[in-house]
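Reading through the structure tokens given below for one structure.
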Amino acid sequence: MIRKKKCIAMLLAGGQGSRLYALTNNIAKPAVSFGGKYRIIDFPLSNCVNSGIDTVGVLTQYQPLILNDYIGNGQPWDLDRTFGGVHILSPYQGKKSSDWYKGTANAIYQNMHFMQQFNPDYVLVLSGDHIYKMNYATMLNYHILNGADCTIAAIDVPLSEASRFGILNTNNDGSIYEFEEKPKKPKSTLASMGIYIFSAQKLFKYLEEDSQNPSSSNDFGKDVLPKMLNNGEKMMAYRFEGYWKDVGTIDSLYEANMDLLGDAPNFDVTDSSWKIQSRSPLAPPHYMGDNAKVVNSIIMSGCEIEGTVENSVLASSVIVKKGAVVKNSIIMSDVTIDEGAEIEYSIIDENTIVGKDVIIGEPKSSKKGIAVLSRNIQIEDGVKIAGGEMIDKNVTKEAE
């Protein structure tokens, strides 16, 4: 008997994330910290396991070291399997040729042998830079019941944002009759979420044809999906009505973190029926000093708070010293904020040291934007960094 999987997932996690600027100088976008406890890739991986999909290929390319190390053998997500589990798939040199992944479709095509060894009936293609909770099994059942060749998860977006997405135009039964890639004048507000289920043999056929087309950009949205539609393949839109955020920009990453706060958060990660798993760092319990003040914030293990923290998300082992104030900000792990420092409407990446009396960022009302500091840098005592600035190197008082 040939061992097989009904459905496997291919998770595209190789993006450079250039719109996250200093946050992705040295790491892949899916490895960016989120919500104090997680990294972005935790969400599609957890969704897979919660949906009963135990075979996941993670396609990496740009700055993969931290991401590969984080995923490891997949144990935190119950993906350390003998047959299946999680597999890191990087570009490689073959006997005849080697190449970087040229586009989303080409990345999947280059891993055809990986997919075929599981003899799947269906292939789920995912993006590694979205925050959401979704039962892929429900989407798969929808795909099967409709006899579809391809099913695209879709969500309604405001008309003002529709031009940023691939837009699906559908019939009353949900079948897709037109696909517009980032149209200037969209005909609908039903946007592709970059989540696809293919009947495996159809996917393999179209990937092979796409690889042979010298004029193709080897992209699902631009090439493969339009060709399937033009050839009359049955394509369905699966409407998703839950929380979903593409965190590919500084603003959207900030907003998604803030959506975790409050008595009734817009996005709830505490739901025990749909756990989001992560590789959590080993750290002692957090500590609050006698004069510490914490309001509407997430404070992770290992933090030492002796100053003020309001409306903020602090990852593990962040130190906020006496007299320091952090408001409306995201502070990633192992950041030290020294005495008298003031942080407002900012994102500070891992292992950064903020000196005494430093001022970073300005209130959102100033409309200057979010101040962003890269990882592994040091801001000298007394420095002032304005709202909207992107800092990716040490800053001294003289160089300010």
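What you are looking at is a predicted structure, and each value in this text was computed from that prediction instead of being measured. Below, all heavy atoms of this structure are taken into account, side chains as well, without hydrogens, waters or symmetry copies.
- Under the 3.5 Å distance criterion, with hydrogens and angles disregarded, a donor-acceptor pair is assigned to the side chains of His143 and Ser199.
- Of the residues listed (Asp259, Asn266, Asp268), the one engaging Tyr243 in a side chain to side chain donor-acceptor pair (under 3.5 Å) is Asp259, and it is the only one.
- Note that Arg39 lies in the cation-pi zone of Tyr70, set by a 6.0 Å cut-off to the ring centre and a 45° limit from the axis.
- Under the 30°/60° scheme for interplanar angles, the aromatic rings of His130 and Trp244 are found to stand perpendicular.
- In summary, the side chains of Asn328 and Glu344 do present a donor paired with an acceptor at a separation below 3.5 Å, with no hydrogens or angles considered.
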Original post:
Hey, mind stepping through Asp219 and Ser217 against side chain to side chain donor-acceptor pair (under 3.5 Å) and telling me if it holds?
Top reply: CA-CA 6 Å; Asp219 183 80; Ser217 58; 5.5 Å; no
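- Asn119 contributes atom CG, which lies 12.5 Å from atom CZ of Arg3 (distance to the nearest 0.5 angstrom).
- Atom OG in Ser211 sits 3.5 Å away from atom OH in Tyr109 (nearest 0.5 Å).
- Counting only N and O atoms by type, the side chains of Thr249 and Asp251 include no donor and acceptor under 3.5 Å apart.
- A donor and an acceptor atom, one from each side chain of Tyr287 and Glu306, are nowhere located under 3.5 Å apart.
- Between the side chains of Asn135 and Trp274, no donor-acceptor pair is found at a separation under 3.5 Å.
- At a cut-off of 3.5 Å, with distance as the only test, no side-chain donor of Ser312 or Lys327 sits close to an acceptor on the other residue.
- Looking only at atom types and distance, the side chain of Glu180 has a donor-acceptor partner in the side chain of Asn169 under 3.5 Å away.
- Ser374 and Asp349 share no side-chain donor-acceptor pair at under 3.5 Å.
- Once rounded to the nearest 0.5 Å, the distance linking CG of Leu207 with CG of Leu203 reads 4.0 Å.
- No hydrogens or angles considered: nothing links the side chains of Glu209 and Asn213 as a donor-acceptor pair under 3.5 Å.
- Ring centroid separation for the pair Phe198 and Phe204 does not come in under the 6.0 Å cut-off.
- Side-chain atoms of Ser175 and Asp173 include a donor-acceptor pair closer than 3.5 Å.
- Salt bridge absent: Asp42 and Lys37 never bring a charged side-chain N and a carboxylate O closer than 4.0 Å.
- Lys368 has a carboxylate O that lies under 4.0 Å from a charged side-chain N of Glu362, or vice versa, which qualifies the two as a salt bridge.
- Here the options are Lys4, Lys5, Lys6, the test is side chain to side chain donor-acceptor pair (under 3.5 Å), and the partner is Asp121; only Lys4 passes.
- Checking Asn231 against Tyr206 by side-chain atom types alone, a donor-acceptor pair falls below 3.5 Å.
- Between the side chains of Asn73 and Asp80, no donor-acceptor pair of N or O atoms lies under 3.5 Å.
- Using a 4.0 Å cut-off between charged side-chain N and carboxylate O, Lys227 and Glu233 make no salt bridge.
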**OP:** Begin with the C-alpha distance, continue with both residues' side-chain angles, and end with the deciding distance and a verdict on side chain to side chain donor-acceptor pair (under 3.5 Å) for Asp210 and Asn218.
**Re:** CA-CA 6 Å; Asp210 183 70; Asn218 306 124; 3.0 Å; yes
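- Between Phe267 and Phe43, the ring-plane angle classifies as tilted under the 30° and 60° cut-offs.
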